[in-house]
There are 2 protein chains.
Amino acid sequence: MAQPKSASRAAGTRKRTRIQREKEEIILEAALDVFSTHGFRGATIDQIADHAGLSKPNLLYYFRTKEAMHRQLLDQLLESWLRPLHEIDAQGDPISEIQSYIGRKLELARDFPRESRLFANEILQGAPRIQEELVELRDLVEEKAQIILNWIRQGKLAKCDPHHLIFSIWSTTQHYADFDAQVTVVLGDAKKTKDRFEDAGRFLSQLYIGGLKP
Amino acid sequence: MAQPKSASRAAGTRKRTRIQREKEEIILEAALDVFSTHGFRGATIDQIADHAGLSKPNLLYYFRTKEAMHRQLLDQLLESWLRPLHEIDAQGDPISEIQSYIGRKLELARDFPRESRLFANEILQGAPRIQEELVELRDLVEEKAQIILNWIRQGKLAKCDPHHLIFSIWSTTQHYADFDAQVTVVLGDAKKTKDRFEDAGRFLSQLYIGGLKP
DNA sequence: GTAATCTTTGACCAGTTGGTAAATTTTTGA
DNA sequence: TCAAAAATTTACCAACTGGTCAAAGATTAC
(Lines give C-alpha, C1' and ligand atoms only; values in the text may rest on other atoms or scores of the structure.)
Protein backbone atom coordinates (compact mmCIF):
# COMPACT_ATOMS: atom_id res chain seq x y z
CA MET A 1 0.00 0.00 0.00
CA ALA A 2 1.12 3.52 -0.73
CA GLN A 3 2.33 5.85 1.98
CA PRO A 4 1.80 9.28 0.53
CA LYS A 5 2.27 10.80 3.95
CA SER A 6 5.96 10.05 3.89
CA ALA A 7 6.77 9.51 0.24
CA SER A 8 5.15 12.67 -1.03
CA ARG A 9 6.63 14.81 1.69
CA ALA A 10 9.44 15.85 -0.61
CA ALA A 11 11.43 17.71 2.00
CA GLY A 12 10.72 15.01 4.56
CA THR A 13 13.05 13.75 7.21
CA ARG A 14 12.69 10.04 6.35
CA LYS A 15 15.47 8.88 4.05
CA ARG A 16 14.44 8.81 0.40
CA THR A 17 14.94 5.92 -1.96
CA ARG A 18 16.90 6.13 -5.21
CA ILE A 19 13.67 6.14 -7.22
CA GLN A 20 12.26 8.92 -5.07
CA ARG A 21 15.28 11.09 -5.68
CA GLU A 22 15.21 10.44 -9.43
CA LYS A 23 11.51 10.93 -9.94
CA GLU A 24 11.29 14.02 -7.78
CA GLU A 25 14.02 15.60 -9.84
CA ILE A 26 12.25 14.71 -13.09
CA ILE A 27 8.99 16.12 -11.77
CA LEU A 28 10.52 19.38 -10.55
CA GLU A 29 12.24 19.81 -13.89
CA ALA A 30 8.91 19.38 -15.69
CA ALA A 31 7.10 21.59 -13.20
CA LEU A 32 9.67 24.34 -13.72
CA ASP A 33 9.02 24.20 -17.46
CA VAL A 34 5.27 24.52 -17.07
CA PHE A 35 5.05 26.92 -14.13
CA SER A 36 7.60 29.29 -15.65
CA THR A 37 5.63 29.70 -18.86
CA HIS A 38 2.06 29.61 -17.55
CA GLY A 39 2.26 30.79 -13.96
CA PHE A 40 0.77 28.88 -11.04
CA ARG A 41 -2.89 29.14 -11.93
CA GLY A 42 -2.28 28.68 -15.64
CA ALA A 43 -0.35 25.46 -15.14
CA THR A 44 -2.12 22.11 -14.83
CA ILE A 45 -0.96 18.91 -13.18
CA ASP A 46 -1.74 17.06 -16.40
CA GLN A 47 0.66 19.30 -18.33
CA ILE A 48 3.40 18.71 -15.80
CA ALA A 49 2.73 14.97 -15.86
CA ASP A 50 3.00 14.97 -19.67
CA HIS A 51 6.29 16.85 -19.56
CA ALA A 52 7.62 14.45 -16.95
CA GLY A 53 6.40 11.38 -18.80
CA LEU A 54 4.54 10.16 -15.73
CA SER A 55 0.90 9.60 -14.91
CA LYS A 56 -0.97 12.20 -12.89
CA PRO A 57 -1.57 9.97 -9.87
CA ASN A 58 2.10 9.05 -9.96
CA LEU A 59 3.02 12.73 -9.77
CA LEU A 60 0.70 13.18 -6.82
CA TYR A 61 2.40 10.26 -5.12
CA TYR A 62 5.59 12.34 -4.93
CA PHE A 63 4.01 15.73 -4.35
CA ARG A 64 0.69 15.74 -2.57
CA THR A 65 -0.52 18.91 -4.26
CA LYS A 66 0.25 21.20 -7.14
CA GLU A 67 1.13 23.84 -4.61
CA ALA A 68 3.73 21.57 -3.02
CA MET A 69 5.63 21.37 -6.32
CA HIS A 70 5.43 25.11 -6.77
CA ARG A 71 6.58 25.82 -3.25
CA GLN A 72 9.59 23.55 -3.46
CA LEU A 73 10.67 25.18 -6.71
CA LEU A 74 10.42 28.63 -5.18
CA ASP A 75 12.25 27.59 -2.04
CA GLN A 76 15.14 26.13 -4.03
CA LEU A 77 15.16 29.17 -6.27
CA LEU A 78 15.39 31.89 -3.69
CA GLU A 79 18.66 30.76 -2.22
CA SER A 80 20.54 30.79 -5.52
CA TRP A 81 18.73 33.94 -6.48
CA LEU A 82 20.04 35.94 -3.56
CA ARG A 83 23.57 34.55 -3.64
CA PRO A 84 25.01 37.11 -6.07
CA LEU A 85 23.80 39.96 -3.88
CA HIS A 86 25.14 38.18 -0.82
CA GLU A 87 28.58 38.03 -2.38
CA ILE A 88 28.95 41.81 -2.62
CA ASP A 89 31.96 42.53 -0.44
CA ALA A 90 32.16 45.69 1.63
CA GLN A 91 35.96 45.45 1.54
CA GLY A 92 36.20 45.26 -2.24
CA ASP A 93 36.52 48.06 -4.74
CA PRO A 94 33.02 49.56 -5.11
CA ILE A 95 32.90 49.91 -8.90
CA SER A 96 34.31 46.45 -9.53
CA GLU A 97 32.08 44.90 -6.85
CA ILE A 98 29.04 46.29 -8.65
CA GLN A 99 30.44 45.27 -12.02
CA SER A 100 30.86 41.70 -10.94
CA TYR A 101 27.44 41.70 -9.30
CA ILE A 102 25.98 42.68 -12.66
CA GLY A 103 28.04 39.96 -14.30
CA ARG A 104 26.76 37.30 -11.91
CA LYS A 105 23.17 38.39 -12.38
CA LEU A 106 23.56 38.27 -16.15
CA GLU A 107 24.96 34.77 -15.90
CA LEU A 108 21.95 33.67 -13.88
CA ALA A 109 19.59 35.16 -16.46
CA ARG A 110 21.49 33.38 -19.24
CA ASP A 111 21.84 29.99 -17.55
CA PHE A 112 18.59 29.85 -15.57
CA PRO A 113 15.95 31.74 -17.56
CA ARG A 114 13.12 29.46 -16.44
CA GLU A 115 13.92 30.11 -12.82
CA SER A 116 13.90 33.82 -13.53
CA ARG A 117 10.51 33.59 -15.20
CA LEU A 118 9.10 31.47 -12.38
CA PHE A 119 10.07 34.20 -9.96
CA ALA A 120 8.82 36.95 -12.26
CA ASN A 121 5.45 35.24 -12.62
CA GLU A 122 5.12 35.03 -8.87
CA ILE A 123 5.98 38.68 -8.26
CA LEU A 124 3.88 39.87 -11.19
CA GLN A 125 0.86 38.18 -9.67
CA GLY A 126 1.36 39.95 -6.37
CA ALA A 127 3.74 37.46 -4.74
CA PRO A 128 0.87 35.67 -2.95
CA ARG A 129 2.95 32.63 -2.07
CA ILE A 130 6.27 34.19 -1.08
CA GLN A 131 5.53 37.13 1.17
CA GLU A 132 7.66 35.68 3.95
CA GLU A 133 10.61 34.99 1.69
CA LEU A 134 10.48 38.57 0.42
CA VAL A 135 11.09 39.82 3.94
CA GLU A 136 14.35 37.90 3.96
CA LEU A 137 15.17 39.54 0.63
CA ARG A 138 14.35 42.98 2.04
CA ASP A 139 16.75 42.50 4.95
CA LEU A 140 19.55 41.48 2.61
CA VAL A 141 18.91 44.50 0.41
CA GLU A 142 18.98 46.75 3.46
CA GLU A 143 22.32 45.31 4.51
CA LYS A 144 23.86 45.85 1.08
CA ALA A 145 22.29 49.29 0.72
CA GLN A 146 24.18 50.31 3.85
CA ILE A 147 27.43 49.11 2.33
CA ILE A 148 26.76 51.13 -0.79
CA LEU A 149 25.91 54.20 1.29
CA ASN A 150 29.23 53.85 3.07
CA TRP A 151 31.04 53.70 -0.25
CA ILE A 152 29.28 56.89 -1.26
CA ARG A 153 30.19 58.61 2.02
CA GLN A 154 33.81 57.65 1.44
CA GLY A 155 33.63 59.29 -1.97
CA LYS A 156 34.27 56.00 -3.77
CA LEU A 157 30.96 56.09 -5.61
CA ALA A 158 28.74 58.78 -7.08
CA LYS A 159 25.94 59.91 -4.79
CA CYS A 160 22.80 57.92 -5.57
CA ASP A 161 19.93 56.00 -4.02
CA PRO A 162 21.26 52.48 -3.37
CA HIS A 163 17.80 50.88 -3.45
CA HIS A 164 17.10 52.15 -6.90
CA LEU A 165 20.58 51.17 -7.96
CA ILE A 166 19.83 47.60 -6.93
CA PHE A 167 16.42 47.67 -8.61
CA SER A 168 17.99 48.85 -11.85
CA ILE A 169 20.51 46.01 -11.79
CA TRP A 170 17.80 43.46 -11.12
CA SER A 171 15.60 44.73 -13.89
CA THR A 172 18.21 45.20 -16.60
CA THR A 173 19.71 41.77 -16.10
CA GLN A 174 16.54 39.75 -15.54
CA HIS A 175 14.97 41.45 -18.54
CA TYR A 176 16.93 39.16 -20.85
CA ALA A 177 15.37 36.07 -19.28
CA ASP A 178 11.88 37.36 -18.49
CA PHE A 179 11.30 39.23 -21.75
CA ASP A 180 13.21 36.82 -23.93
CA ALA A 181 10.31 36.55 -26.38
CA GLN A 182 10.47 40.29 -26.98
CA VAL A 183 14.26 40.51 -27.05
CA THR A 184 14.40 37.72 -29.61
CA VAL A 185 11.94 39.47 -31.93
CA VAL A 186 13.76 42.80 -31.66
CA LEU A 187 17.27 41.43 -32.14
CA GLY A 188 16.21 38.77 -34.64
CA ASP A 189 16.61 35.02 -34.29
CA ALA A 190 20.00 35.22 -35.96
CA LYS A 191 21.61 36.81 -32.91
CA LYS A 192 22.88 33.96 -30.80
CA THR A 193 22.09 33.88 -27.10
CA LYS A 194 25.76 33.95 -26.21
CA ASP A 195 26.46 37.09 -28.25
CA ARG A 196 23.33 38.73 -26.90
CA PHE A 197 24.49 38.36 -23.33
CA GLU A 198 27.99 39.51 -24.14
CA ASP A 199 26.62 42.64 -25.82
CA ALA A 200 24.36 43.25 -22.85
CA GLY A 201 27.28 42.84 -20.47
CA ARG A 202 29.36 45.37 -22.38
CA PHE A 203 26.53 47.88 -22.51
CA LEU A 204 25.66 47.60 -18.83
CA SER A 205 29.30 47.72 -17.84
CA GLN A 206 29.73 51.03 -19.66
CA LEU A 207 26.44 52.43 -18.37
CA TYR A 208 27.21 51.75 -14.72
CA ILE A 209 30.85 52.76 -14.84
CA GLY A 210 29.88 56.11 -16.32
CA GLY A 211 26.88 56.56 -14.06
CA LEU A 212 28.52 55.58 -10.79
CA LYS A 213 32.03 56.96 -10.96
CA PRO A 214 32.33 59.64 -8.27
CA MET B 1 -34.03 38.45 -29.58
CA ALA B 2 -30.37 39.08 -28.94
CA GLN B 3 -27.92 39.54 -31.76
CA PRO B 4 -24.62 38.50 -30.29
CA LYS B 5 -23.06 38.42 -33.74
CA SER B 6 -23.14 42.20 -33.95
CA ALA B 7 -23.34 43.27 -30.33
CA SER B 8 -20.46 41.17 -29.13
CA ARG B 9 -18.23 42.20 -31.98
CA ALA B 10 -16.70 44.89 -29.83
CA ALA B 11 -14.65 46.48 -32.58
CA GLY B 12 -17.50 46.09 -35.05
CA THR B 13 -18.52 48.46 -37.78
CA ARG B 14 -22.19 48.68 -36.80
CA LYS B 15 -22.86 51.71 -34.64
CA ARG B 16 -22.93 50.90 -30.96
CA THR B 17 -25.59 51.96 -28.49
CA ARG B 18 -24.96 53.98 -25.37
CA ILE B 19 -25.34 50.89 -23.21
CA GLN B 20 -22.89 48.97 -25.35
CA ARG B 21 -20.27 51.65 -24.98
CA GLU B 22 -20.76 51.86 -21.24
CA LYS B 23 -20.82 48.14 -20.54
CA GLU B 24 -17.90 47.34 -22.80
CA GLU B 25 -15.84 49.90 -20.94
CA ILE B 26 -16.85 48.44 -17.59
CA ILE B 27 -16.01 44.94 -18.78
CA LEU B 28 -12.62 45.89 -20.20
CA GLU B 29 -11.80 47.69 -16.97
CA ALA B 30 -12.63 44.55 -14.99
CA ALA B 31 -10.83 42.31 -17.46
CA LEU B 32 -7.72 44.44 -17.17
CA ASP B 33 -7.80 44.00 -13.40
CA VAL B 34 -8.07 40.24 -13.61
CA PHE B 35 -5.85 39.50 -16.61
CA SER B 36 -3.06 41.73 -15.32
CA THR B 37 -2.83 39.88 -12.02
CA HIS B 38 -3.50 36.31 -13.14
CA GLY B 39 -2.44 36.15 -16.79
CA PHE B 40 -4.68 34.85 -19.54
CA ARG B 41 -4.96 31.25 -18.47
CA GLY B 42 -5.16 32.09 -14.81
CA ALA B 43 -8.07 34.47 -15.27
CA THR B 44 -11.65 33.21 -15.34
CA ILE B 45 -14.71 34.77 -16.94
CA ASP B 46 -16.52 34.44 -13.62
CA GLN B 47 -13.87 36.56 -11.91
CA ILE B 48 -14.14 39.23 -14.56
CA ALA B 49 -17.94 39.15 -14.32
CA ASP B 50 -17.73 39.58 -10.55
CA HIS B 51 -15.39 42.55 -10.90
CA ALA B 52 -17.66 44.10 -13.50
CA GLY B 53 -20.80 43.46 -11.46
CA LEU B 54 -22.42 41.64 -14.37
CA SER B 55 -23.55 38.09 -14.98
CA LYS B 56 -21.31 35.79 -16.97
CA PRO B 57 -23.71 35.37 -19.91
CA ASN B 58 -24.12 39.12 -19.98
CA LEU B 59 -20.36 39.48 -20.35
CA LEU B 60 -20.37 36.99 -23.17
CA TYR B 61 -23.07 39.01 -24.86
CA TYR B 62 -20.56 41.82 -25.31
CA PHE B 63 -17.46 39.72 -25.91
CA ARG B 64 -18.03 36.37 -27.51
CA THR B 65 -15.01 34.75 -25.88
CA LYS B 66 -12.51 35.31 -23.11
CA GLU B 67 -9.88 35.67 -25.79
CA ALA B 68 -11.81 38.52 -27.45
CA MET B 69 -11.57 40.58 -24.24
CA HIS B 70 -7.89 39.84 -23.91
CA ARG B 71 -7.17 40.70 -27.52
CA GLN B 72 -8.96 44.03 -27.38
CA LEU B 73 -7.04 44.99 -24.24
CA LEU B 74 -3.73 44.15 -25.88
CA ASP B 75 -4.63 46.00 -29.08
CA GLN B 76 -5.56 49.16 -27.18
CA LEU B 77 -2.46 48.82 -25.05
CA LEU B 78 0.15 48.54 -27.73
CA GLU B 79 -0.54 51.88 -29.31
CA SER B 80 -0.11 53.88 -26.10
CA TRP B 81 2.78 51.65 -25.17
CA LEU B 82 4.83 52.53 -28.21
CA ARG B 83 3.98 56.24 -28.26
CA PRO B 84 6.83 57.37 -25.96
CA LEU B 85 9.37 55.66 -28.21
CA HIS B 86 7.68 57.15 -31.26
CA GLU B 87 8.11 60.63 -29.85
CA ILE B 88 11.90 60.44 -29.76
CA ASP B 89 12.98 63.22 -32.09
CA ALA B 90 16.04 62.88 -34.29
CA GLN B 91 16.37 66.67 -34.35
CA GLY B 92 16.39 67.09 -30.57
CA ASP B 93 19.31 67.07 -28.20
CA PRO B 94 20.30 63.39 -27.72
CA ILE B 95 20.76 63.38 -23.96
CA SER B 96 17.58 65.31 -23.26
CA GLU B 97 15.61 63.22 -25.78
CA ILE B 98 16.61 60.09 -23.91
CA GLN B 99 15.96 61.75 -20.57
CA SER B 100 12.43 62.66 -21.53
CA TYR B 101 11.87 59.21 -23.03
CA ILE B 102 12.75 57.74 -19.64
CA GLY B 103 10.44 60.26 -18.00
CA ARG B 104 7.53 59.31 -20.22
CA LYS B 105 8.08 55.60 -19.64
CA LEU B 106 8.20 56.15 -15.89
CA GLU B 107 4.93 58.06 -16.06
CA LEU B 108 3.31 55.16 -17.90
CA ALA B 109 4.55 52.71 -15.28
CA ARG B 110 3.21 54.96 -12.53
CA ASP B 111 -0.17 55.74 -14.11
CA PHE B 112 -0.88 52.48 -15.92
CA PRO B 113 0.69 49.67 -13.92
CA ARG B 114 -2.04 47.18 -14.81
CA GLU B 115 -1.43 47.71 -18.50
CA SER B 116 2.27 47.17 -17.93
CA ARG B 117 1.60 43.93 -16.08
CA LEU B 118 -0.82 42.74 -18.75
CA PHE B 119 1.91 43.20 -21.31
CA ALA B 120 4.54 41.64 -19.06
CA ASN B 121 2.37 38.58 -18.48
CA GLU B 122 1.95 38.12 -22.20
CA ILE B 123 5.66 38.40 -22.99
CA LEU B 124 6.64 36.26 -20.02
CA GLN B 125 4.44 33.47 -21.34
CA GLY B 126 6.16 33.59 -24.71
CA ALA B 127 3.95 36.24 -26.36
CA PRO B 128 1.69 33.59 -27.94
CA ARG B 129 -1.04 36.07 -28.79
CA ILE B 130 0.94 39.08 -29.99
CA GLN B 131 3.64 37.81 -32.32
CA GLU B 132 2.41 40.04 -35.14
CA GLU B 133 2.26 43.14 -33.01
CA LEU B 134 5.83 42.54 -31.86
CA VAL B 135 7.00 42.83 -35.45
CA GLU B 136 5.59 46.36 -35.52
CA LEU B 137 7.49 47.05 -32.32
CA ARG B 138 10.68 45.66 -33.82
CA ASP B 139 10.45 48.02 -36.82
CA LEU B 140 9.96 51.02 -34.57
CA VAL B 141 12.94 50.01 -32.44
CA GLU B 142 15.04 49.62 -35.57
CA GLU B 143 14.08 53.11 -36.71
CA LYS B 144 15.00 54.68 -33.39
CA ALA B 145 18.17 52.61 -33.08
CA GLN B 146 19.32 54.22 -36.33
CA ILE B 147 18.68 57.67 -34.91
CA ILE B 148 20.71 56.82 -31.83
CA LEU B 149 23.53 55.44 -33.99
CA ASN B 150 23.61 58.71 -35.92
CA TRP B 151 23.86 60.66 -32.67
CA ILE B 152 26.80 58.48 -31.70
CA ARG B 153 28.51 59.00 -35.07
CA GLN B 154 28.10 62.74 -34.61
CA GLY B 155 29.85 62.45 -31.25
CA LYS B 156 26.78 63.62 -29.37
CA LEU B 157 26.44 60.41 -27.38
CA ALA B 158 28.84 57.86 -25.93
CA LYS B 159 29.43 54.84 -28.15
CA CYS B 160 27.03 52.07 -27.14
CA ASP B 161 24.65 49.44 -28.50
CA PRO B 162 21.33 51.27 -29.08
CA HIS B 163 19.24 48.09 -28.78
CA HIS B 164 20.55 47.33 -25.35
CA LEU B 165 20.14 50.98 -24.41
CA ILE B 166 16.45 50.71 -25.27
CA PHE B 167 16.11 47.39 -23.44
CA SER B 168 17.63 48.90 -20.33
CA ILE B 169 15.21 51.81 -20.39
CA TRP B 170 12.25 49.50 -20.85
CA SER B 171 13.30 47.23 -18.04
CA THR B 172 14.27 49.83 -15.47
CA THR B 173 11.07 51.82 -15.90
CA GLN B 174 8.59 48.98 -16.24
CA HIS B 175 10.16 47.27 -13.26
CA TYR B 176 8.30 49.63 -10.93
CA ALA B 177 4.95 48.50 -12.32
CA ASP B 178 5.66 44.83 -13.00
CA PHE B 179 7.58 44.09 -9.80
CA ASP B 180 5.56 46.43 -7.60
CA ALA B 181 4.97 43.70 -5.03
CA GLN B 182 8.72 43.31 -4.57
CA VAL B 183 9.50 47.02 -4.68
CA THR B 184 6.87 47.68 -2.01
CA VAL B 185 8.33 45.08 0.33
CA VAL B 186 11.88 46.36 -0.11
CA LEU B 187 11.07 50.06 0.25
CA GLY B 188 8.39 49.51 2.89
CA ASP B 189 4.74 50.45 2.66
CA ALA B 190 5.50 53.83 4.17
CA LYS B 191 7.17 55.05 1.00
CA LYS B 192 4.44 56.67 -1.06
CA THR B 193 4.10 55.75 -4.72
CA LYS B 194 4.68 59.34 -5.77
CA ASP B 195 7.97 59.64 -3.89
CA ARG B 196 9.07 56.26 -5.15
CA PHE B 197 8.73 57.32 -8.77
CA GLU B 198 10.42 60.65 -8.14
CA ASP B 199 13.36 58.88 -6.52
CA ALA B 200 13.51 56.44 -9.40
CA GLY B 201 13.43 59.30 -11.91
CA ARG B 202 16.33 61.04 -10.17
CA PHE B 203 18.39 57.89 -10.01
CA LEU B 204 17.83 56.92 -13.64
CA SER B 205 18.46 60.47 -14.79
CA GLN B 206 21.84 60.46 -13.13
CA LEU B 207 22.71 56.96 -14.32
CA TYR B 208 21.99 57.69 -17.97
CA ILE B 209 23.54 61.15 -18.04
CA GLY B 210 26.75 59.73 -16.65
CA GLY B 211 26.66 56.62 -18.78
CA LEU B 212 25.80 58.26 -22.08
CA LYS B 213 27.68 61.53 -22.10
CA PRO B 214 30.26 61.34 -24.91
C1' DG C 1 12.55 -17.14 -2.01
C1' DT C 2 9.49 -14.35 0.06
C1' DA C 3 7.40 -10.98 2.82
C1' DA C 4 7.32 -6.19 3.50
C1' DT C 5 7.68 -2.10 1.34
C1' DC C 6 7.64 1.05 -2.42
C1' DT C 7 5.83 2.41 -6.94
C1' DT C 8 2.47 2.71 -10.59
C1' DT C 9 -1.96 2.53 -12.63
C1' DG C 10 -6.98 2.86 -14.04
C1' DA C 11 -11.24 4.18 -12.58
C1' DC C 12 -13.36 7.60 -10.47
C1' DC C 13 -15.29 12.11 -8.27
C1' DA C 14 -16.84 16.68 -7.09
C1' DG C 15 -16.04 21.33 -8.33
C1' DT C 16 -14.80 24.58 -11.91
C1' DT C 17 -14.38 26.20 -16.53
C1' DG C 18 -15.73 28.44 -21.03
C1' DG C 19 -19.61 28.79 -23.43
C1' DT C 20 -24.80 28.12 -25.19
C1' DA C 21 -30.02 28.45 -25.70
C1' DA C 22 -34.17 30.18 -24.92
C1' DA C 23 -37.10 32.96 -22.41
C1' DT C 24 -37.78 37.39 -20.13
C1' DT C 25 -37.19 42.20 -19.31
C1' DT C 26 -35.76 46.73 -20.67
C1' DT C 27 -34.83 50.36 -23.97
C1' DT C 28 -35.46 52.63 -28.24
C1' DG C 29 -37.50 54.95 -32.12
C1' DA C 30 -41.42 56.09 -34.97
C1' DT D 1 -48.05 54.23 -27.45
C1' DC D 2 -46.32 50.19 -28.87
C1' DA D 3 -43.73 47.06 -31.59
C1' DA D 4 -39.03 46.07 -32.78
C1' DA D 5 -34.52 45.80 -31.10
C1' DA D 6 -31.38 45.41 -27.39
C1' DA D 7 -30.10 43.76 -22.91
C1' DT D 8 -30.35 40.49 -19.20
C1' DT D 9 -31.21 36.23 -16.80
C1' DT D 10 -32.02 31.38 -15.72
C1' DA D 11 -30.93 26.92 -16.62
C1' DC D 12 -27.88 24.23 -18.63
C1' DC D 13 -23.79 21.46 -20.76
C1' DA D 14 -19.53 19.15 -22.03
C1' DA D 15 -14.74 19.44 -21.11
C1' DC D 16 -11.35 20.10 -17.81
C1' DT D 17 -9.53 20.64 -13.11
C1' DG D 18 -7.17 19.02 -8.74
C1' DG D 19 -7.25 15.20 -6.23
C1' DT D 20 -8.62 10.22 -4.23
C1' DC D 21 -8.74 5.21 -3.90
C1' DA D 22 -7.95 0.51 -4.08
C1' DA D 23 -5.72 -2.82 -6.52
C1' DA D 24 -1.83 -4.43 -9.17
C1' DG D 25 3.12 -4.45 -10.18
C1' DA D 26 8.00 -3.80 -8.99
C1' DT D 27 11.93 -3.49 -5.43
C1' DT D 28 14.15 -4.30 -1.50
C1' DA D 29 15.99 -6.51 2.60
C1' DC D 30 16.40 -10.57 4.93
Side-chain angles (χ1 to χ4, degrees), chain A residues 1-10 12-28 30-31 34-35 37-73 128-129, chain B residues 1-10 12-28 30-31 34-35 37-73 128-129:
Chain A
M1 210 214 301
Q3 283 183 295
K5 280 275 157 54
S6 82
S8 68
R9 185 194 44 193
T13 47
R14 190 93 64 86
K15 56 187 162 190
R16 299 184 301 165
T17 68
R18 171 184 56 85
I19 293 179
Q20 269 169 41
R21 265 178 282 118
E22 288 171 4
K23 291 290 164 72
E24 282 174 13
E25 198 177 323
I26 289 172
I27 292 169
L28 287 176
V34 178
F35 281 134
T37 52
H38 296 294
F40 180 75
R41 292 192 49 178
T44 72
I45 300 182
D46 288 278
Q47 271 179 302
I48 298 171
D50 275 357
H51 265 66
L54 299 173
S55 68
K56 185 167 63 163
N58 202 181
L59 234 79
L60 290 163
Y61 170 72
Y62 291 102
F63 295 88
R64 262 181 299 184
T65 64
K66 177 178 156 183
E67 206 161 330
M69 300 178 217
H70 194 249
R71 170 142 298 278
Q72 180 151 344
L73 281 173
R129 279 168 283 273
Chain B
M1 209 213 304
Q3 284 183 295
K5 280 274 153 57
S6 80
S8 68
R9 184 194 46 194
T13 48
R14 192 91 65 85
K15 55 188 163 190
R16 298 184 302 165
T17 68
R18 172 184 54 87
I19 292 179
Q20 268 169 42
R21 263 178 283 118
E22 288 171 5
K23 291 290 163 72
E24 282 173 13
E25 199 176 323
I26 288 173
I27 292 169
L28 287 176
V34 178
F35 281 133
T37 51
H38 296 296
F40 180 76
R41 292 192 49 179
T44 72
I45 300 183
D46 288 279
Q47 271 180 301
I48 299 172
D50 276 356
H51 266 66
L54 299 173
S55 68
K56 182 167 63 165
N58 202 183
L59 234 79
L60 291 164
Y61 170 73
Y62 292 102
F63 295 88
R64 260 181 300 184
T65 62
K66 177 177 155 182
E67 206 161 331
M69 301 178 216
H70 194 250
R71 169 143 297 278
Q72 180 151 344
L73 282 173
R129 279 168 285 271

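Basis for what follows: all heavy atoms, side chains included, without hydrogens, waters or symmetry-related copies. A note on names: the letters A, B, ... follow the listed sequences, proteins ahead of strands, and every chain is numbered from 1.
We find that CD of B:Glu22 is positioned 15 Å from C1' of D:dT8, with the value rounded to whole Å. C:dG18 atom P lies 20 Å from atom OH of B:Tyr62, rounded to whole Å. Rounding to whole angstrom units, CZ of residue A:Phe63 and P of D:dT20 are separated by 15 Å. The CD-C1' distance, from A:Glu24 to C:dT7, rounds to 13 Å in whole Å. For the pair B:Glu67 CD and C:dT17 P, the computed distance is 18 Å after rounding to whole Å. Whole-Å rounding puts the A:Leu60 CG to D:dT17 P distance at 14 Å. Between the CG atom of A:Leu54 and the P atom of D:dG25 there is a distance of 19 Å, rounded to whole Å. Distance CZ (B:Arg64) to P (C:dA21): 13 Å, rounded to an integer number of Å.
Across all strands shown, B:Thr44 has heavy atoms under 4.0 Å from sugar-phosphate atoms exclusively, and none from any base.
B:Arg41 and A:Gln47 make their closest contact through NH1-NE2, 3.2 Å (heavy atoms, listed as atom of the first residue, atom of the second, distance). The shortest heavy-atom contact between A:Phe35 and A:Ala43 is CD2-CB, 3.5 Å. Residues B:Ile26 and B:Ala52 come closest through the heavy atom pair CG2-O, 3.7 Å. In this structure, A:Ala49 and A:Leu59 approach most closely via the heavy-atom pair CA-CD1, 3.7 Å.
Remark: A:Ser55 is in phosphate contact with C:dT9, judged by side-chain N or O atoms under 4.0 Å from OP1 or OP2. For D:dT9, the OP1/OP2 oxygens have no side-chain nitrogen or oxygen of B:Tyr61 closer than 4.0 Å. For the OP1/OP2 pair of C:dT7 and a distance below 4.0 Å, the side-chain nitrogens and oxygens of A:Gln20 include at least one atom meeting the criterion.
Atom OG1 in B:Thr65 sits 7.5 Å away from atom CD1 in B:Ile45 (nearest 0.5 Å). Atom OH of residue A:Tyr61 and atom CD1 of residue A:Ile27 lie 11.0 Å apart, to the nearest 0.5 angstrom.
Between the side chain of B:Arg129 and the main chain of B:Glu67, no donor-acceptor pair closer than 3.5 Å is present.
Sequence order on DNA chain C of the closest nucleotides to A:Lys23 and B:Phe40 puts A:Lys23 first from the 5' end. Positionally, the nearest nucleotide of DNA chain C for A:Asn58 lies more toward the 5' end than for the other of A:Asn58 and B:Lys56.
The side chain of A:Pro57 sits closest to C:dT9 out of C:dT17, C:dT9, C:dG19.
Interface residues of residues 45-53 of chain B facing DNA chain D, ordered by number: none; criterion, heavy-atom separation under 4.0 Å.
B:Lys66 contributes no side-chain N or O that forms a donor-acceptor pair with the base of C:dG19 under 3.5 Å.
The shortest side-chain heavy-atom distance between A:Phe40 and A:Met69 does not fall under the 4.5 Å cut-off.
Crowding of B:Glu25 atom CD: a count of heavy atoms from other residues, nucleotides or ligands under 6.0 Å not exceeding 12.
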For nucleotides 27-30 of chain C, give me every protein contact, N/O to N/O, under 3.5 Å, one pair per line with atom names.
from: C:dT28; atom 1: OP1; to: B:Arg18; atom 2: NH2; distance (Å): 2.8

